[in-house]
2 protein chains.
Amino acid sequence: MRIGQLAQLVGVETQTIRFYEQQGLLPPPDRQDNGYRVYTEKHGEGLAFIRRCRILGLSLAEIHELQSYQDDPHQPCTAVNALLDDHISHVRSQITALQALEKQLVSLRASCNDDREVEACGVLAGISEGKMHQQ
Amino acid sequence: MRIGQLAQLVGVETQTIRFYEQQGLLPPPDRQDNGYRVYTEKHGEGLAFIRRCRILGLSLAEIHELQSYQDDPHQPCTAVNALLDDHISHVRSQITALQALEKQLVSLRASCNDDREVEACGVLAGISEGKMHQQ
DNA sequence: TTTAAACTATAAAGCTACTATAAGGTCAAT
DNA sequence: ATTGACCTTATAGTAGCTTTATAGTTTAAA
Ligand SMILES: [Zn+2]
Ligand SMILES: [Zn+2]
Ligand SMILES: [Zn+2]
Ligand SMILES: [Zn+2]
């Protein structure tokens with residue numbers, strides 16, 4: 001299986017596959033005589049794993065860490081669970097921050113209607129005068 | 001006022017100020033004979049504006065756009081309000097996406113306890129087997 | 001058979017919004 | 001004279017790719 005087929009199978013671009021290889025997330029495949037990469041099913045599974053991790057918002061470093069745990073399967077999985085817990089709390093704090101941001105933006109938006117000149121725009125005035133709840 | 005003082009006043013690093021100048025967000029200040037930048041109060045206000053926009057999550061491009069509106073103050077402020085509306089909906093869709101993500105992560109986490117081996121880890125199994133709600 | 005499309009390869013740059021580092025010039029005080 | 005704090009420019013690094021450039025290979029059509 002060549003890189004293009006693998007890419008289509010998993011739904012990524014070929015460059016992304018090369019990029020993961022370069023980053024040490026995908027093992028370097030064998031090469032044909034012409035230098036073309038040849039992939040196996042294992043590679044397909046590995047790539048799909050990476051993609052699902054990415055969809056879950058895990059960083060490449062976190063994925064790397066998960067892979068290292070997979071490499072000795074008889075360790076307790078505490079670290080895996082902890083990694084996910086950390087990630088969840090990270091996501092939660094992002095949500096909290098964005099919700100606070102949304103509140104600020106909405107109140108800023110409410111300070112203007114559409115029938116003003118830029119000079120008198122409540123939004124611009126609100127930003128300029130620093131009428132923002134700091135944090 | 002030199003760059004260090006301005007930086008301390010507004011609470012940014014000097015490099016950030018030079019960076020904004022380079023990006024066309026801050027007008028190039030006059031220079032002393034030795035080449036040092038000299039800033040006025042106007043620059044201070046401009047920089048504070050930029051920083052407050054950044055705190056609101058606006059991109060440099062969006063800030064640039066806002067500045068262009070400020071440059072002719074007798075236009076209607078419709079575009080300003082629209083920019084903010086767009087940004088709000090952007091923030092909201094981020095929140096929605098993160099909440100969906102959190103749900104996925106929590107359910108994934110629930111599929112494991114701390115007393116397993118990596119081999120049997122519910123989290124890793126969940127990712128590997130693609131038991132994820134796509135999207 | 002020639003040629004063009006589609007594929008592969010590597011290397012390097014671009015994206016965002018900075019931050020950090022390097023190497024050096026300026027200025028006040030000691 | 002030298003230290004230290006400040007300033008200058010230029011360059012690289014961060015994350016996770018995407019895009020571009022340049023070139024070699026395979027496959028299919030004309
Ligand atoms: Zn994380
Ligand atoms: Zn307005
Ligand atoms: Zn925005
Ligand atoms: Zn587990």
Side-chain angles (χ1 to χ4, degrees), chain A residues 1-26 28-39 43 46-67 83 86-87 90-91 94 97-98 101, chain B residues 1-26 28-40 43 46-67 86-87 90-91 94 97-98 101:
Chain A
M1 179 185 238
R2 295 195 311 197
I3 197 169
Q5 299 172 273
L6 177 61
Q8 198 170 14
L9 188 68
V10 181
V12 299
E13 308 247 359
T14 55
Q15 301 99 314
T16 306
I17 297 176
R18 293 191 197 100
F19 172 73
Y20 288 153
E21 179 184 336
Q22 195 193 345
Q23 300 298 304
L25 292 170
L26 265 183
D30 287 341
R31 303 282 186 132
Q32 289 179 350
D33 292 345
N34 54 17
Y36 288 13
R37 290 170 176 82
V38 187
Y39 291 99
H43 288 99
L47 181 54
F49 181 83
I50 295 172
R51 284 275 90 194
R52 285 191 289 258
C53 286
R54 292 293 298 131
I55 287 169
L56 293 172
L58 297 170
S59 70
L60 298 192
E62 287 168 325
I63 297 172
H64 208 81
E65 205 179 324
L66 284 184
Q67 290 178 334
L83 191 154
D86 281 357
H87 190 62
H90 183 216
V91 168
Q94 272 185 265
L98 283 173
L101 185 56
Chain B
M1 177 184 239
R2 295 193 313 196
I3 197 169
Q5 298 173 273
L6 178 60
Q8 197 170 15
L9 188 68
V10 181
V12 299
E13 308 247 358
T14 56
Q15 301 102 312
T16 305
I17 298 177
R18 293 192 198 98
F19 173 73
Y20 288 153
E21 179 184 336
Q22 195 194 344
Q23 300 299 304
L25 291 171
L26 265 183
D30 287 340
R31 303 282 187 131
Q32 289 178 351
D33 292 347
N34 54 17
Y36 289 14
R37 290 170 175 83
V38 188
Y39 292 99
T40 65
H43 288 99
L47 181 54
F49 180 83
I50 295 171
R51 284 275 92 194
R52 286 191 288 257
C53 286
R54 292 293 299 128
I55 289 170
L56 292 173
L58 296 171
S59 70
L60 299 192
E62 287 168 326
I63 297 172
H64 207 81
E65 205 180 325
L66 284 184
Q67 290 177 333
D86 281 359
H87 189 62
H90 183 217
V91 168
Q94 273 186 263
L98 283 172
L101 185 56

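Being a predicted model, the structure only gives us computed values, none of them experimental. Letters A, B, ... mirror the listed sequences (proteins, then strands); counts begin at 1.
For the OP1/OP2 pair of dC17(D) and a distance below 4.0 Å, the side-chain nitrogens and oxygens of R51(A) include at least one atom meeting the criterion. Close to dC18(C), at under 4.0 Å from its OP1 or OP2, lies a side-chain N or O of R54(B). Considering only side-chain N and O atoms, R18(A) lies under 4.0 angstrom from the phosphate OP1 or OP2 of dA9(C). Between Y20(B) and dC18(C), a side-chain N or O to OP1/OP2 separation shorter than 4.0 Å is present. Listed pair R37(B) / dT8(D) meets the phosphate criterion, a side-chain N or O lying under 4.0 Å from OP1 or OP2. Remark: N34(A) is in phosphate contact with dT26(D), judged by side-chain N or O atoms under 4.0 Å from OP1 or OP2. Between T16(B) and dT19(C), a side-chain N or O to OP1/OP2 separation shorter than 4.0 Å is present. Distances shorter than 4.0 Å separate some side-chain N or O of R31(A) from OP1 or OP2 on dT10(C).
Separating the CG atom of L56(B) from the C1' atom of dA17(C) is a distance of 16 Å, rounded to the nearest angstrom. Note: CD (Q15(B)) to C1' (dT14(D)) measures 15 Å, nearest angstrom. For the pair Q5(A) CD and dC7(C) P, the interatomic distance rounds to 10 Å; values are reported in whole Å. Taking atom NE2 of residue H90(A) and atom C1' of nucleotide dA15(D), one finds them 13 Å apart after rounding to whole Å. As a whole-Å value, the separation of Q22(A) CD from dA15(D) C1' is 13 Å. The separation between Y36(B) atom OH and dC6(D) atom P is 11 Å, rounded to whole Å. Here dA20(C) presents its P atom at 14 Å from CZ of F19(B), a figure rounded to the nearest Å. Across the protein-nucleic acid pair, Q32(A) atom CD and dC7(C) atom C1' stand 11 Å apart, rounded to whole Å.
Closest-nucleotide positions on DNA chain C for L60(B) and G4(A) were compared, and the one nearer the 5' end corresponds to G4(A).
G4(B) and T14(B) make their closest contact through CA-CG2, 3.9 Å (heavy atoms, listed as atom of the first residue, atom of the second, distance).
Between the side chains of Y20(A) and R54(A), no donor-acceptor pair is found at a separation under 3.5 Å.
Crowding of Q23(A) atom CD: a count of heavy atoms from other residues, nucleotides or ligands under 6.0 Å exceeding 12.
The closest side-chain heavy-atom distance from Q67(B) to L25(B) is below 4.5 Å.
Without hydrogens or angle criteria, R18(B) side chain to Q22(B) main chain gives no donor-acceptor distance under 3.5 Å.
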